[in-house]
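None of these values were measured; they are calculated from a predicted model. Every heavy atom of this structure was used, including side-chain atoms; hydrogens, water molecules and symmetry mates were not.
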Amino acid sequence: MAHQFTTSYTKDARDLFRYYKRLGDRAIEQCPDADLFTTLDPESNSIAIIVKHMAGNMRSRWTDFLTSDGEKPDRQRDTEFETPPPTRSALVALWEAGWKICFDALDRLSDDDLPRTITIRTEPHSVMQAINRQVGHYAHHVGQIVFLAKHFAGDRWQTLSVPKKSSAEFNRKVAAGKISQR
């Protein structure tokens, strides 16, 4: 997708979430099936656990976004770090379901909603603060997914950004309008 100039915060936020989802999609696609469930050490999380946590967070934060607390009473956050989905297909279904809830909520927002107050764990946030909080949270976890997937894919990894030693060529293509930075 080509980068588009905008002065709409909500449009830019949606585009940014889509960018991070796409990074996660491409990383998960490149990770061998068994390694989706592999941890690097006893204290780390697998890609599957990170996805389960993100999906739980998305369901909680974005369901009834403007009208109910972002930490839903039925969310059991601690269990998000236990027993991941058993298969790639179940994992991808959970990933897609979480993002659908997120995008459905974001698509209903306009810039007029930004100063409204919502709560997360009873603490007030402006809509803009809540969106920023989630952008940071999801970028953090997508970065973990990318790191792990790249580790497990090894020499089969196809870069998700500017290839090493190719910055000048990349910049020329962006300047010529052949590719986008996003």
A.B. asks: Hey, could you give me the CD1/CG distance between I118 and D64, rounded to the nearest 0.5 Å?
C.D. replies: 11.5 Å
A.B. asks: Please answer: with hydrophobic residues joined when any side-chain heavy atoms are less than 4.5 Å apart, are F81 and I47 in the same cluster?
C.D. replies: no
A.B. asks: Identify the residue among D33, T39, T38 that makes a side-chain contact (heavy atoms from CB on, under 4.5 Å) with D35.
C.D. replies: T38
A.B. asks: For residues W62 and A105, report the shortest heavy-atom separation together with the two atoms involved.
C.D. replies: O-CB, 3.5 Å
A.B. asks: One thing to verify: whether R75 and E71 come together as a salt bridge, which I'm taking to mean a side-chain N less than 4.0 angstrom from a carboxylate O.
C.D. replies: yes
A.B. asks: For the backbone of N57 and the side chain of S60, can you confirm whether one donor and one acceptor N or O come within less than 3.5 Å of each other?
C.D. replies: no
A.B. asks: Quick check: closest heavy atoms across F37 and P85, and the distance to 0.1 Å?
C.D. replies: CE2-O, 2.9 Å
A.B. asks: For A90 versus T87, what's the shortest heavy-atom pair and its separation?
C.D. replies: N-OG1, 3.0 Å
A.B. asks: Do Q134 and F17 come close enough that some side-chain heavy atom pair is under 4.5 Å?
C.D. replies: yes
A.B. asks: Could you measure the distance from the OH atom of Y138 to the NZ atom of K21? Nearest 0.5 Å is fine.
C.D. replies: 13.5 Å
A.B. asks: With a 4.5 Å cut-off on side-chain heavy atoms, are L66 and R116 touching?
C.D. replies: yes
A.B. asks: Decide, yes or no, whether a salt bridge links D25 with R22 under the criterion of side-chain N to carboxylate O below 4.0 Å.
C.D. replies: no
A.B. asks: Do R61 and K72 come within less than 4.5 Å of each other through their side chains, counting heavy atoms only?
C.D. replies: no
A.B. asks: Go through T10 and L106 one step at a time and tell me if the side-chain contact (heavy atoms from CB on, under 4.5 Å) criterion holds.
C.D. replies: CA-CA 7 Å; T10 55; L106 286 166; over 6 Å; no
A.B. asks: Taking C-beta and beyond as the side chain, do V51 and V92 meet within less than 4.5 Å on heavy atoms?
C.D. replies: no
A.B. asks: With the side chain counted from C-beta on, respond yes when I131 and V135 share a heavy-atom pair under 4.5 Å apart, and no when they do not.
C.D. replies: yes
A.B. asks: Between D107 and R14, is there a salt bridge with N-O shorter than 4.0 Å?
C.D. replies: yes
A.B. asks: What closest approach, in Å, do A27 and I145 show between heavy atoms, and which atom pair accounts for it?
C.D. replies: CB-CG2, 4.1 Å
A.B. asks: Is it true that D74 and R59 have a side-chain N and a carboxylate O under 4.0 angstrom from each other?
C.D. replies: yes
A.B. asks: Within the side chain of S8, is there an N or O that forms a donor-acceptor pair under 3.5 Å with the backbone of K11?
C.D. replies: yes
A.B. asks: Between K178 and E169, is there a salt bridge with N-O shorter than 4.0 Å?
C.D. replies: no
A.B. asks: For residues F152 and L23: do they belong to one hydrophobic cluster (side chain heavy atoms under 4.5 Å, members Ile, Leu, Val, Met, Phe, Trp, Tyr)?
C.D. replies: yes
A.B. asks: Under a 4.0 Å N-O cut-off, is there an ion pair linking D104 with R108?
C.D. replies: no
A.B. asks: Please step through side-chain contact (heavy atoms from CB on, under 4.5 Å) for the pair L94 and K52, ending with a clear verdict.
C.D. replies: CA-CA 7 Å; L94 191 61; K52 184 178 179 185; 4.0 Å; yes
A.B. asks: With rounding to the nearest 0.5 Å, note down the distance linking CG in L36 to OG in S46.
C.D. replies: 8.0 Å
A.B. asks: Are L109 and M58 linked, directly or through intermediate hydrophobic residues, by side-chain heavy-atom contacts shorter than 4.5 Å (ILVMFWY only)?
C.D. replies: yes
A.B. asks: Please confirm whether W99 and Y20 have ring centers closer than 6.0 angstrom.
C.D. replies: no
A.B. asks: If I take atom CG from residue N132 and atom OH from residue Y9, how far apart are they, to the nearest 0.5 angstrom?
C.D. replies: 3.0 Å
A.B. asks: Indicate yes or no: at least one non-hydrogen side-chain atom of R156 is less than 4.5 angstrom from one of Q30.
C.D. replies: no
A.B. asks: Could you label the plane-to-plane angle of the H141 and H137 rings as parallel, tilted or perpendicular, counting under 30° as parallel and over 60° as perpendicular?
C.D. replies: perpendicular
A.B. asks: Determine whether I49 and M54 fall in the same hydrophobic cluster, where Ile, Leu, Val, Met, Phe, Trp and Tyr are linked whenever their side-chain heavy atoms lie under 4.5 Å apart.
C.D. replies: no
A.B. asks: What's the verdict on side-chain contact (heavy atoms from CB on, under 4.5 Å) for R88 and I28, showing C-alpha distance, side-chain angles and the deciding distance?
C.D. replies: CA-CA 9 Å; R88 175 184 287 274; I28 291 167; 3.8 Å; yes
A.B. asks: Minimum heavy-atom separation for R26 to T159, with atom names?
C.D. replies: NH2-O, 3.5 Å
A.B. asks: Taking all non-hydrogen atoms of both residues into account, name the closest pair between P124 and T117 and its distance.
C.D. replies: CB-CG2, 3.8 Å
A.B. asks: Rounded to the nearest 0.5 Å, what separation is found between the CD atom of E82 and the CD atom of Q76?
C.D. replies: 10.0 Å
A.B. asks: Does a side-chain heavy-atom distance below 4.5 Å link N45 with H53?
C.D. replies: no
A.B. asks: Do F147 and L40 pass the side-chain contact (heavy atoms from CB on, under 4.5 Å) test, and can you show the C-alpha distance, the side-chain angles, and the key distance before you say yes or no?
C.D. replies: CA-CA 11 Å; F147 172 83; L40 297 180; 3.9 Å; yes
